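Down below is the structure, laid out as structure tokens.
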Amino acid sequence: KNIAPFSFNTEENRIIPVPVNISIQIDSIEQIEEVKMSFSAKFKLTLQWFDDKITWNDLNNDKFLNIPSQDVIDKLWIPVIIFVNTENKYETLIDKKSRIVVEKRGNY
């Protein structure tokens, strides 16, 4: 759970961390404070990565039908994003508003 997925490049003898694709959808700008040069917003953050060390059985083609149980989620490595340019250095949370889905790749 605490170790990020990786591959190993034998030619260069180095570890290659898994790429994490990040996208953000801004739902609304809640407040703008020009004097403080700050704003607050509501947004949806999507993180996507491939962990080839995990095998899933009986996945649906529709990824939104592949929702792991909380017991499984607790065992998964999930990237932590830290918003360093915020007042409180917010981090991503896995809470009741979070949705984790498993996408089928290939025949398995």
Side-chain angles (χ1 to χ4, degrees):
K1 174 179 170 108
N2 295 325
I3 299 174
F6 63 88
S7 58
F8 188 75
N9 182 326
T10 54
E11 292 176 9
E12 297 179 15
N13 198 29
R14 68 182 185 100
I15 293 174
I16 302 169
V18 66
V20 177
N21 297 318
I22 302 171
S23 63
I24 188 167
Q25 174 186 323
I26 298 175
D27 294 327
S28 62
I29 303 289
E30 299 293 308
Q31 183 178 19
I32 298 174
E33 295 187 47
E34 292 181 47
V35 175
K36 289 184 175 181
M37 295 177 50
S38 68
F39 71 95
S40 61
K42 289 186 180 179
F43 59 90
K44 175 182 167 185
L45 185 68
T46 302
L47 309 176
Q48 187 176 35
W49 68 96
F50 179 71
D51 188 341
D52 64 353
K53 309 228 180 344
I54 298 176
T55 303
W56 298 86
N57 296 315
D58 302 323
L59 289 176
N60 291 293
N61 288 326
D62 181 352
K63 67 182 176 184
F64 296 108
L65 297 175
N66 300 324
I67 300 172
S69 67
Q70 188 62 49
D71 184 49
V72 171
I73 291 170
D74 291 341
K75 296 174 185 173
L76 294 175
W77 174 82
I78 298 173
V80 174
I81 307 300
I82 301 170
F83 298 90
V84 295
N85 200 18
T86 61
E87 288 181 16
N88 297 317
K89 305 274 190 274
Y90 290 111
E91 294 184 8
T92 51
L93 300 172
I94 304 301
D95 60 12
K96 292 179 182 178
K97 294 181 182 179
S98 302
R99 179 171 51 182
I100 296 176
V101 297
V102 179
E103 189 171 356
K104 184 176 183 177
R105 286 194 167 186
N107 296 323
Y108 53 91

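Just so we're clear, the structure is a prediction, and the values are computed from it rather than from any experiment.
The environment of Glu87 atom CD is sparse: at most 12 non-hydrogen atoms of other residues, nucleotides or ligands sit within 6.0 angstrom. Surrounding CD of Glu34 are at most 12 heavy atoms belonging to other residues, nucleotides or ligands under 6.0 Å away. Within 6.0 Å of CG on Asp52 lie more than 12 heavy atoms contributed by other residues, nucleotides or ligands. Taking a 6.0 Å sphere around CG of Asp58, one finds it holds 12 or fewer heavy atoms contributed by other residues, nucleotides or ligands. More than 12 heavy-atom neighbours from other residues, nucleotides or ligands sit within 6.0 angstrom of CD1 on Ile24.
Residues Lys89 and Val84 share a closest heavy-atom pair of NZ-O, 3.1 Å. Here the closest non-hydrogen pair linking Phe8 and Arg14 is CD1-O, 3.4 Å. A pairwise comparison of heavy atoms in Val80 and Glu91 identifies CG1-OE1, 3.6 Å as the closest pair. In plain terms, the two heavy atoms of Lys63 and Glu103 that are nearest each other are CB-CA, 4.0 Å. Nearest heavy-atom pair across Trp49 and Pro5 is CD1-CG, 4.4 Å.
With no hydrogens or angles considered, no side-chain donor-acceptor pair links Ser23 and Gln25 at under 3.5 Å.
Contact annotation: the side chain of Asp51 never approaches that of Leu76 to less than 4.5 Å [non-hydrogen atoms, C-beta and beyond]. Under the 4.5 Å side-chain criterion, counting only non-hydrogen atoms from C-beta, Ile100 is in contact with Ile78. Inter-residue side-chain proximity for Asp27 and Phe43 is flagged as unmet; no heavy-atom pair is nearer than 4.5 Å.
Taken to the nearest 0.5 Å, the CD1 atom of Ile26 stands 6.5 Å off from the CZ atom of Phe39. Here Lys44 contributes atom NZ and Lys97 contributes atom NZ; the two are 14.5 Å apart, rounded to the nearest 0.5 Å. Rounded to the nearest 0.5 Å, atoms CZ (Arg99) and CD1 (Ile73) are 12.0 Å apart. Put simply, CD1 on Ile94 and NZ on Lys96 are 14.5 Å apart, with the number rounded to the nearest 0.5 Å.
In terms of hydrophobic clustering, with Ile, Leu, Val, Met, Phe, Trp and Tyr side chains grouped at heavy-atom distances under 4.5 Å, Phe64 and Ile67 are assigned to a common cluster. Side-chain heavy atoms closer than 4.5 Å link hydrophobic residues (I, L, V, M, F, W, Y) into clusters, and following such links, possibly through other members, connects Ile22 to Trp77. Grouping the Ile, Leu, Val, Met, Phe, Trp and Tyr side chains by contacts below 4.5 angstrom, directly or via other members, places Leu47 with Trp56. The same ILVMFWY cluster, assembled from side-chain heavy atoms under 4.5 Å apart, contains both Val102 and Ile54.
For Asp95 (side chain) and Ser98 (main-chain N/O), a donor-acceptor pair under 3.5 Å exists by modelled atom type. For the pair Lys53 (side chain) and Phe6 (backbone), a donor-acceptor distance under 3.5 Å is present. Proximity of a side-chain donor or acceptor of Thr92 to a complementary backbone N or O of Ile81 within less than 3.5 Å is detected. Checking side-chain atoms of Asn88 against main-chain N and O of Tyr90 turns up no donor-acceptor pair under 3.5 Å.
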